[in-house]
Amino acid sequence: GPQIAALCDGDADVQAGERIAGGVDHHALERGDADASLLLLERVLAEDPTSRTALEARARALFDSARYAEARAAFQRCVDVSPDDDYAHYGLGLSLWRTQNFRQAENHLAMACVMRPSRPDYTRALTQVRATLAARRTAGMPLDGPIDSPSVVGRSILGIDTFVAEYPELHDPSPDA
């Protein structure tokens, strides 16, 4: 989980970080206990709804607990509060990626890369999203959202039809008795 000190950028955020650290279960963020973190962060945000530290920690906790749609909304709130925050754009991009909104994910990940080009994790995520978009374009699939027919998509992306044509003995669906 994130270290509270690493989340604090300014005096207001240091105070919010101290409130988080002084909470009922101050080690929840550090141990990665998303549910306990979320309860604690809701209390902090009730006192200070614009705390960048608490907003980011909440978004991270939601993402870490695989609640990607909620994490998307939480990271969007981080971007709204602090549009110059590269990590907020990165987190939003990852959340959009996980919810299959690849085009929007590409935009936010690209923004994070421009804002902080020294972060290889930002670049890797952007590269992967762009590869997904390229594969979907090549296969004539929708660029966002779930894929309608997994068998057709799998065949076109993986080249299974070509493989089966070249090696029919390896794909005989009815083995000899």
Side-chain angles (χ1 to χ4, degrees), residues 1-2 6-7 29 32-35 37-38 41-42 45 52-177:
L7 295 175
L29 291 171
D33 185 346
D35 291 331
S37 297
L38 288 168
L41 291 165
E42 292 302 329
L45 287 168
R52 288 176 54 186
T53 301
L55 288 170
E56 181 181 306
R58 180 176 178 275
R60 285 181 180 204
L62 289 165
F63 189 89
D64 289 346
S65 62
R67 293 164 59 180
Y68 302 120
E70 291 174 82
R72 183 175 105 187
F75 276 116
Q76 181 62 61
R77 187 168 172 208
C78 291
V79 168
D80 293 344
V81 168
S82 184
D84 62 342
D85 183 345
D86 63 284
Y87 188 83
H89 284 280
Y90 174 69
L92 180 55
L94 291 181
S95 300
L96 287 161
W97 181 11
R98 292 293 182 124
T99 57
Q100 299 184 10
N101 293 287
F102 301 108
R103 290 177 291 182
Q104 289 179 356
E106 179 183 28
N107 292 336
H108 285 283
L109 291 170
M111 179 65 75
C113 285
V114 167
M115 295 171 97
R116 182 131 342 152
S118 63
R119 294 286 304 259
D121 48 338
Y122 291 9
T123 304
R124 274 192 304 273
L126 177 59
T127 300
Q128 290 175 354
V129 165
R130 286 182 171 164
T132 298
L133 285 167
R136 284 179 169 231
R137 274 188 201 97
T138 300
M141 300 180 333
L143 297 181
D144 290 312
I147 299 166
D148 293 334
S149 176
S151 63
V152 171
V153 170
R155 286 176 176 269
S156 65
I157 290 176
L158 300 175
I160 291 174
D161 289 332
T162 303
F163 179 80
V164 170
E166 291 178 19
Y167 303 99
E169 68 277 5
L170 298 176
H171 183 68
D172 187 2
S174 57
D176 295 331

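All residue numbers refer to positions in the sequence shown, counting from 1. No experiment lies behind these values; they were computed from the predicted model shown.
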Problem set entry | Nearest atoms (heavy-atom pairs only) where Pro146 meets Pro142 | O-CG, 4.4 Å
Seminar exercise, completed: Here the gap from Arg98 atom CZ to Gln100 atom CD, rounded to the nearest 0.5 Å, amounts to 11.0 Å
Problem set entry | Closest non-hydrogen atom pair between Leu126 and Cys113, with its separation | CD2-SG, 3.8 Å
For this session: Work out which heavy atom in Gly93 is nearest to a heavy atom in Ala105; give both atom names and the distance.
Result: O-CB, 3.3 Å
Problem set entry | Test applied, side chain to side chain contact (heavy atoms under 4.5 Å, CB included); reference residue, Tyr90; option that passes from Leu92, Asp86, Leu94 | Leu94
Exercise. About how many Å separate CZ of Arg77 and CG of Asp80, when rounded to the nearest 0.5 Å?
Worked result: 9.0 Å
Exercise. Can you check side chain to side chain contact (heavy atoms under 4.5 Å, CB included) on Arg67 and Leu38, steps first, answer last?
Worked result: CA-CA 12 Å; Arg67 293 164 59 180; Leu38 288 168; 3.3 Å; yes
For this session: Kindly compute the distance separating CD (Gln104) from CD (Gln76), expressed to the nearest 0.5 Å.
Result: 8.5 Å
Seminar exercise, completed: In terms of heavy-atom contacts, Arg130 and Ala110 come closest through NH2-CB, 4.0 Å
Exercise. Using the ring of each side chain (for Trp, its six-membered ring), is Tyr68 parallel, tilted or perpendicular to Phe63, with breaks at 30° and 60°?
Worked result: perpendicular
Exercise. How long is the gap from CG on Leu143 to CZ on Arg137, to the nearest 0.5 Å?
Worked result: 5.0 Å
Problem set entry | Separation of Ile147 CD1 from Met141 CE (nearest 0.5 Å) | 4.0 Å
For this session: Ignoring hydrogens and angles, state whether a donor on the side chain of Thr123 or Asp121 is under 3.5 Å from an acceptor on the partner side chain.
Result: no
Problem set entry | Nearest heavy atoms of Val79 and His89, plus distance in Å | CG1-CE1, 3.7 Å
Problem set entry | Main-chain N/O of Ala88 paired to Asp85 side chain as donor or acceptor, under 3.5 Å | yes
Exercise. Any side-chain heavy atom of Leu109 within less than 4.5 Å of one from Gln128?
Worked result: no
For this session: For residues Asp144 and Phe102, report the shortest heavy-atom separation together with the two atoms involved.
Result: OD1-N, 2.6 Å
Problem set entry | Cation-pi geometry met for Arg60 and Tyr87 (6.0 Å, 45°) | yes
Problem set entry | Flag, side chain of Ser65 to backbone of Ala61, donor-acceptor distance under 3.5 Å | yes
